[in-house]
Amino acid sequence: MSTRPVVSDASIMRIRTSRIGLLTIHATAPIVDGEISDSDLTFTVRLDEVSTGNPLLDPEVHALIHEITTGTLTFTGQRDGDTFTGKATAGRISVPLDLSADVQEGVVAVAGTSTFSDLHVPLPGMGHVKHLEVDIDGNLHLG
């Protein structure tokens, strides 16, 4: 496979958190750029365009995202079998992330889990979170 770009208007990332206080966040965000080759995968997610589908929660999630990131998340990884091993970086946060990848007819389905520790969460009543797991999955449509 040669290097193929990710089609940004069709690609979406789904994000689900473990429980934060009383709630679990389920959200989607657009993938706006990326490339895949036989050995590498990179893509960028616009976290500042995240949507939970809840008009009361969205402004709070946006405040959290702007508190800890620049509004984008970038994944860069290298292929290791059916997995891309790399890191996800958003603002001052950089975490290791392994994404399973299933490439079929112009779509790459990716999935993985990342764990965060000792986070300050600027949501009312949340404050400090000792442990947070985030499940990520998405479809990257190839150009």
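These numbers come from a predicted model, not from an experiment.
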Residue set satisfying salt bridge (Lys or Arg N to Asp or Glu O under 4.0 Å) with Glu35, at least two apart, ordered chain then number -> none

Across all chains, not counting sequence neighbours, the salt bridge (Lys or Arg N to Asp or Glu O under 4.0 Å) partners of Asp137 are Arg14, Arg16

Roughly how far, to the nearest 0.5 Å, is [atom2] of [Y] from [atom1] of [X]?
{"X": "Asp38", "Y": "Arg79", "atom1": "CG", "atom2": "CZ", "value": "6.5 Å"}
{"X": "Asp135", "Y": "Thr113", "atom1": "CG", "atom2": "OG1", "value": "4.0 Å"}
{"X": "Thr72", "Y": "Ile31", "atom1": "OG1", "atom2": "CD1", "value": "13.0 Å"}
{"X": "Asp98", "Y": "Lys87", "atom1": "CG", "atom2": "NZ", "value": "14.0 Å"}

Side-chain heavy-atom pair [X], [Y] within 4.5 angstrom cut-off:
{"X": "Pro30", "Y": "Arg46", "answer": "yes"}
{"X": "Phe43", "Y": "Val108", "answer": "no"}
{"X": "Ser114", "Y": "Val95", "answer": "yes"}
{"X": "His62", "Y": "Val50", "answer": "yes"}
{"X": "Leu140", "Y": "Leu41", "answer": "yes"}
{"X": "Thr42", "Y": "Thr74", "answer": "no"}

Determine whether the side chains of Asp58 and Thr52 contain a donor N or O and an acceptor N or O closer than 3.5 Å.
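The answer is yes; a qualifying pair exists.
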
query = With a 3.5 Å cut-off and no angle check, do the side chains of Thr85 and Asp80 form a donor-acceptor pair?
reply =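 Note: Thr85 and Asp80 side chains miss the donor-acceptor criterion.
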
Practice prompt. Could you go through the side-chain contact (heavy atoms from CB on, under 4.5 Å) check for Ile36 and Phe84 one step at a time?
Written response: CA-CA 10 Å; Ile36 187 170; Phe84 285 93; 4.0 Å; yes

If I compare all heavy atoms of Ala29 with all of Val45, which pair ends up nearest, and what's the gap?
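Answer, listing the atom of Ala29 first, then Val45: CB-CG1, 3.5 Å.
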
Between Pro55 and Gly53, the two heavy atoms sitting closest are CD-O, 3.7 Å

Test side chain to side chain contact (heavy atoms under 4.5 Å, CB included), reference Ile136, set Leu97, Leu73, Val110, output is Leu97

